[in-house]
Structures are given as structure tokens and as C-alpha cells.
A.B. asks: 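Quick one: structure below, then a few questions.
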Protein chains: 2
Amino acid sequence: MTLKELRCLLAIVDAELNISAAAEIMHASQPSLSRHLKLLEDELGFQILMRHGRSISGITPAGQEVIRLARRVVNDVASIRAYAANVRGEETGDLVLTTPQTYARHVLPPVLSTLIQRYPRLNVRIQNMGEGAAPERACDNGGDMMLVSTAGDRVPPGVALPLFRWKRMVLVPRGHALARLDRPVALGELARHALVTYESSRRSDSSLCRALSDAGLRARFACSAEDADLIKVYVRAGLGVGLVGELALEPADHQEFVVLPADPALPECVAWAILPTGRVVRDYALDLIQLLAPQLDVDDIRRAVDGSARPAWPRPRLWQSDYEDVGTPVLPSRPISGVTRLPMQTTYLG
Amino acid sequence: MTLKELRCLLAIVDAELNISAAAEIMHASQPSLSRHLKLLEDELGFQILMRHGRSISGITPAGQEVIRLARRVVNDVASIRAYAANVRGEETGDLVLTTPQTYARHVLPPVLSTLIQRYPRLNVRIQNMGEGAAPERACDNGGDMMLVSTAGDRVPPGVALPLFRWKRMVLVPRGHALARLDRPVALGELARHALVTYESSRRSDSSLCRALSDAGLRARFACSAEDADLIKVYVRAGLGVGLVGELALEPADHQEFVVLPADPALPECVAWAILPTGRVVRDYALDLIQLLAPQLDVDDIRRAVDGSARPAWPRPRLWQSDYEDVGTPVLPSRPISGVTRLPMQTTYLG
DNA sequence: GGAGGTTACGTTCAACGTAACGATC
DNA sequence: GATCGTTACGTTGAACGTAACCTCC
């Protein structure tokens, strides 16, 4: 069994069981992958993938488990590489973020700007994700970090770091019935209007629906989107009362809309960073977390990821709406890596 | 980076940094290992091992971490192999047990006999271990399972399965002052005599010492051993009052000695099986656990090992001294493996 | 000078890609 | 007949072992 065989298997699986496509991705010939797969199956003594004659049609039950284990192996190898890159003080690499649109649009820009200033050759890739969706397959997608919002207690698997808290705000066009309130909008008032809010709030177990049903009320949705900016568009178009994260509000929105706090009974949301358990985290990924949540301790994070401790995280601070006004975010002093960096040529004498 | 390189690194480390010795173990030439190590170090960009000129003198700090990660990789690969062997219904393989002498001598014989009957080609290797020693490096030694005793709450790392409980018994020669008691020996009486007991009970945080000091008493040791049979020898020689696990008592001992229960204030001991977290467990290892602790659920164990659940284990039963009298232990019905076994030639159609 | 690690070199075999083939839709 | 996987085969290069070399006790 070789790493190459395992990587081929995963490539084939990730290419939706198309060997030719997987071969392209791996920059190898198709027969080569075919062969590696066969070798692996021969060694294990059973089929991993099911065949319809000559085409691959699925994964055997045992294959599922093999794939899970194979993923662990290649992740572990990636960890060694990442660790070495940290030791070398390498400042290049990939950073694959899976994040809801709201963070990508309203939280990450200044933060990533600072990060890229520090690591000019860093390659950040932002993968969009539904506001609250895909909590299960958290970090199995190979990404380095996932950002999620929760209002309840269901934290997805992996190492979950509470970054900051934020509140939802009510958004109505000037001249709307609620516009003259000048105080938090009560749950009852929310229930009386058609709402325009996040897709994820529509689920009956969402914090919004639960807060309303706890008060004996029920939400009525005019329209929902995954994207706070789209929500604004529909509020502007008069479809209903908007309910968005304060993160998404910019100065111009306060000009155009009337923005009111929501009933305090509507729970705060928490932004979490989810790190894959056991994988070594690159220094720049920790830097990103530091920028998002200065209250977190880097060593605590490392210990949590490698499983050697289960720290009690500090309560996250409230997000300040106009991040830029508070000054450009700063990076902690370097190096943050847990080990002393060795210049490559140094000969280590005992 | 290849698996071979990682394996070479570990072989060198495990051969106490002697490449030549490691080469012998790996059935390869010494320059080959030397080369693999160099390739790995070149790829990582820093030294893993420290050199005094041409001899290897130690491990760099970063190297320690690389070794830790490398161990994880090769363990994970071993897991794939073990899983495949389970799927194939393979009944051959190694089972490396690390166990205190008492279990090896008094608990395992009938159990392993049954196991070997079921798996005639199984290769069991028993590694001796101090009665309570080496709790940290639990399963890092590459073994499949570790048996330990605890009387307190300090359970070593890994997946700890409570197998059974046992009590300590007081052992005195016929004619000894305590011999006519015919009732449990009180703590005060124990403290008045020189004791002959397990090495591990000598530690000031042992359950024996704690029980005595809680009663304002202090133990006096005449002699201690890791081996219950040695303890009997010294009791026979009149060195003091013996204190041994009931497991270690055989019919002949009741003839020769006077055996009395110890004060109930002396806590019961629990026998634990420690499995390495995350490693796939071979079916025969689970069978062994079943024989030792029929109350444990096989699927619970699998879930605990792969990290997908953290079951509440049932309270272990009390060990019965004369195991053989209760009948030969029986194995659960087969197959216990979590997956359907595939005959090797079967073509899986989707 | 011996134990133990590195360098040099020739050989071998494993892995790759091209091309031909087969099967399935 | 187009798509996709397998088999066949020739070539190349990576990895191994032997032997020579170095170097520190």
C-alpha cells in the first residue's frame, strides 16, 4: 500500500467515480490511476468500488470505510508537510476558507487584507457556503477552515472556536409602519409582518422560529436568501421586513433604511471557526483566527487541534459594526509557531 | 514523502538512533535507510535527527513532532490493513498485549486458550509491564492492547474499557497472629504489620497508602514485588503480611495460607483494557475483550475507538476467583465485524 | 582500528505513458 | 459510435545493494 494508491483512490472518489477526470486532476494517465486502484483493491482483498461491467457505479460498504481511513492518512501526511512549512517559516501556501456569504462580504475583506499584507504570496480561496448549511461534512471537504454561524447550541464537529457574537437587526424602508418605532422591535411585531431574512432561518428549528414559537407566535416569510445584500434588495422592493446580521449593515444602509434592534428575546448569534481535528494548522491560518478573535490564545488552539487539551474558550466579544473605524487589525508578534524555526542550512549539533 | 521514508525514520528512532540496527530490522541495507532519512529531511527542509559529525546523537525539537506525526501516519495505514483483514475474515495476525504479570499469570491463560482455539493461527505476544507502571506511553509502543489495574481514578490515555473488578486479600502463614481472625482485616491491623505487596502500592499516591493515610495511618513495607507469586514466596518466608489481588489466589494457596478479606475501606481495583484511539481493532482483539468482559458491547467499543461516540460503560462485574469452575469461557457468535464479509472473488454489482 | 554513517556506482525492477482493445450506453 | 475502463508493451528512471570511503571514539 502506498500513499499514491490512496491518493488515487481519493481522487477517483472526489471526481465522482470518473477515473479519466481524476487522472486529469492528478496530471497522470488514466491507465495509471486504474492500475493504482486495482493494486490497492488487490492488496486489501476486496473491491472498494462497484462496477457495471467496465464502468464504476458506486462504492462498496467496506469501500466507504477504506475511503474514510485513506482520507485520514493523506490528511496526516498533509499535516507533516504543514508542520514542516511552519518550521521553515514558509509564508506561501493555500488557505481554503469555507464561509457563509455574509462573512465573506462584510467581515473578511479588511481581515484578509491585513493577512495578505503579512503573507503577500498566500493563496486564499474562499468557498461559498449556505448561511447555516452543511454542518456535518464540516472540514471533510479538504478546506483548512470553516466559518459558521449558530444561534442555538448545535456546534458542528471539529474544533470549534467561538470568534465573536453578533445581533440581528430589523431593516425597514423609510416610511414603513415600523419605521417610527425608535425602540427594539418586539417579537409580536415581527410575527405580524412578512419577513425577508436568511434562508437558514426558515428551518423550523432555527433560532428565529424557536424564539417566536416560544412566545406562541409563528413567522411568516415573504422571501429568503442566503445573501444579506439580496435581502436588502427585497426589503428595498417592499417585500417585507428585513432581518439581517448587524455585520451586513454599512453606513449607506443607515441612510437608506430605518434600522432597529430586534427584540432581545431573539438570541445573539455566534460566529465560529471550525478547524479539522488533528490536522496541523499553518501559522497564517492561526493569524487569521487571531485577527478575527484576538481573545483566543494561539497555544490553546494548537492544543485543542492536536487533542492534547480541551480548553474553555473565552466568551467571544460583540462584533463592532464598523470594523474599519476601530483601526486596521493588527497581527500578533512573530513567530507564533510553537517551535523554534531552523534555517535550512543549520547543522544541528547535539 | 513516502510511507517508506516515514517507516525508516521510525525504525531508526525505535532502534535508538542506530541506522545499522534499524536496517537489520527492516531487512534492508544500511545505506538505504540512510538515504531515506536524508530524502525526508531534505523534503521537510530541516534536520530531524542531530549529528555529531557522522554519528546520530539525538532528535531535534521539530523532529520530535515529525516523529509523532509520522507514527500517526503509519498507524493509520496499519488501520487500513487491519480493517481489510477484518473484512476478509482473516484469522491470522499478531496480537501484542502489554499486561501486568498478575493478569498474564492468573487471568489470561484460560482466556487465551479459548481465543487460540478460535484462531489457531493467531500470534499472541505478551509484553510484561509493571503492575501499575507506564501509564503515559500506554499504546505508543505499537501494542494492540494494554491491560492495567487502577484503584483510584487515574485512567491512562486511550480508550479505556472497564473489564472487571477485584478485591485485595490478606495472606498470612498459618499460625500468624492475624490467622485466627476469621473476619476482614482492619486497616489498623494492616498498619501494625510489615506488608508484602505490589511494587506499585508503594507509591505514596497508591490506593493502599491513601486509604491508610485517610485513616491517619501509615503503611510499613517489608518487601515488594511486581509479581504476586513472588509476594507469596516472601509471605511464606515470614517477611510479613501479604496483600495480593484475589485473582492471584489458587486453591493451593488456601491450603497453605490463611486468606482473609481486607478492610472494605480499601477500595476495589478495576482491570482496564486500553485500546489505542483511532486504530482499527482486529476482530480477535475484540473477541479477547468479550472473553474478559462479556458485559461490553462490541459496537460500543468500535464507536469509542473511532471517536464517533463516548459510551457510558456498564459497571464491571466482580471477578470470580476460580474462573475455570464457572465453565469454559465462550465466544460470541460470528461474525462480529461491523461489515459484511466479502469473499475475495465476488464481483460487486451496483 | 572498529563501529557506524555517507558517497559512488552499476543493476534491476517497478511505474509510467502510448497504443490497442473491450464494453456499455 | 462515443465514452470510459482495461490490457499489453516498451521505455525510462527510481530505488536497491555492494563496495569504497570517511570519521569519530
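In the text below, chain A, chain B and the rest are named by the order of the sequence lines, each starting its count at 1. All values derive from a computational prediction rather than experimental measurement.
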A.B. asks: Charged N to carboxylate O below 4.0 Å: is that the case for Glu41(B) and Arg88(A)?
C.D. replies: no
A.B. asks: Using heavy atoms and a sub-4.0 Å distance, could you list which residues of residues 8-18 of chain B are near DNA chain D? By number, please.
C.D. replies: none
A.B. asks: To the nearest Å, give me how far apart CD1 (Ile56(B)) and P (dT23(D)) are.
C.D. replies: 17 Å
A.B. asks: Taking NZ from Lys38(A) and P from dA8(D), how many angstroms apart are they, rounded to a whole number?
C.D. replies: 10 Å
A.B. asks: When you compare the side chains of Glu199(A) and Ser224(A), does any donor N or O come within less than 3.5 Å of an acceptor on the partner?
C.D. replies: yes
A.B. asks: Less than 3.5 Å apart, any donor N or O on the side chain of Tyr119(A) or Asp287(A) sitting next to an acceptor on the other?
C.D. replies: yes
A.B. asks: Can you name the side chain to side chain donor-acceptor pair (under 3.5 Å) partners of Arg68(B), sequence neighbours left out?
C.D. replies: Glu65(B)
A.B. asks: Starting at CZ of Arg7(B) and ending at C1' of dA15(D), how long is that distance when rounded to a whole Å?
C.D. replies: 16 Å
A.B. asks: Distance check: side-chain N/O of Ser20(A) vs OP1/OP2 of dG5(D), anything under 4.0 Å?
C.D. replies: yes
A.B. asks: My understanding is that only residues two or more places apart in sequence, or in another chain, count here; which of them pass salt bridge (charged side-chain N to carboxylate O under 4.0 Å, His left out) with Arg303(A)?
C.D. replies: Asp300(A)
A.B. asks: Using C1' atoms of five pairs at each end, report the bend of the helix from dG1(C)-dC25(D) to dC25(C)-dG1(D) rounded to 10 degrees.
C.D. replies: 30°
A.B. asks: To the closest 0.5 Å, what do you measure between OH (Tyr284(A)) and CG (Leu115(A))?
C.D. replies: 9.5 Å
A.B. asks: Using whole Å, what does the distance between atom C1' of nucleotide dT6(D) and atom CG of Leu33(A) come to?
C.D. replies: 13 Å
A.B. asks: Ion pair present between Asp306(A) and Arg72(B), side-chain N to carboxylate O less than 4.0 angstrom?
C.D. replies: no
A.B. asks: Using a cut-off of 4.0 Å between protein heavy atoms and nucleotide atoms, how would you tag nucleotides 11-25 of chain C 5' to 3' with B, S and -?
C.D. replies: -----BBBB--BSS-
A.B. asks: Taking 4.0 angstrom as the limit, do Arg105(B) and Asp229(B) come out as a salt bridge?
C.D. replies: yes
A.B. asks: Please step through side chain to side chain donor-acceptor pair (under 3.5 Å) for the pair Thr98(A) and Gln127(A), ending with a clear verdict.
C.D. replies: CA-CA 5 Å; Thr98(A) 305; Gln127(A) 293 186 339; 3.3 Å; yes
A.B. asks: Report all side-chain donor-acceptor pairs from residues 23-33 of chain B shorter than 3.5 Å, counting only partners two or more places apart or in another chain.
C.D. replies:
from     : atom 1 : to       : atom 2 : distance (Å)
Ser29(B) : OG     : Ser32(B) : N      : 3.4

A.B. asks: Please give, in whole Å, the distance from dG5(D) P to Met50(A) CE?
C.D. replies: 15 Å
A.B. asks: Would Arg302(B) and Asp283(B) pass as an ion pair if we require N to O under 4.0 Å?
C.D. replies: yes
A.B. asks: Rounded off to whole Å, could you give me the CG-to-P distance for the Leu37(B) and dA15(D) pair?
C.D. replies: 15 Å
A.B. asks: So does Arg51(A) get a side-chain nitrogen or oxygen closer than 4.0 Å to the phosphate oxygens (OP1/OP2) of dC4(D)?
C.D. replies: no
A.B. asks: CD1 of Ile19(B) versus P of dG5(C): gap in Å, rounded?
C.D. replies: 5 Å
A.B. asks: Rounded to whole angstroms, how far apart are CD on Gln47(B) and P on dG5(C)?
C.D. replies: 14 Å
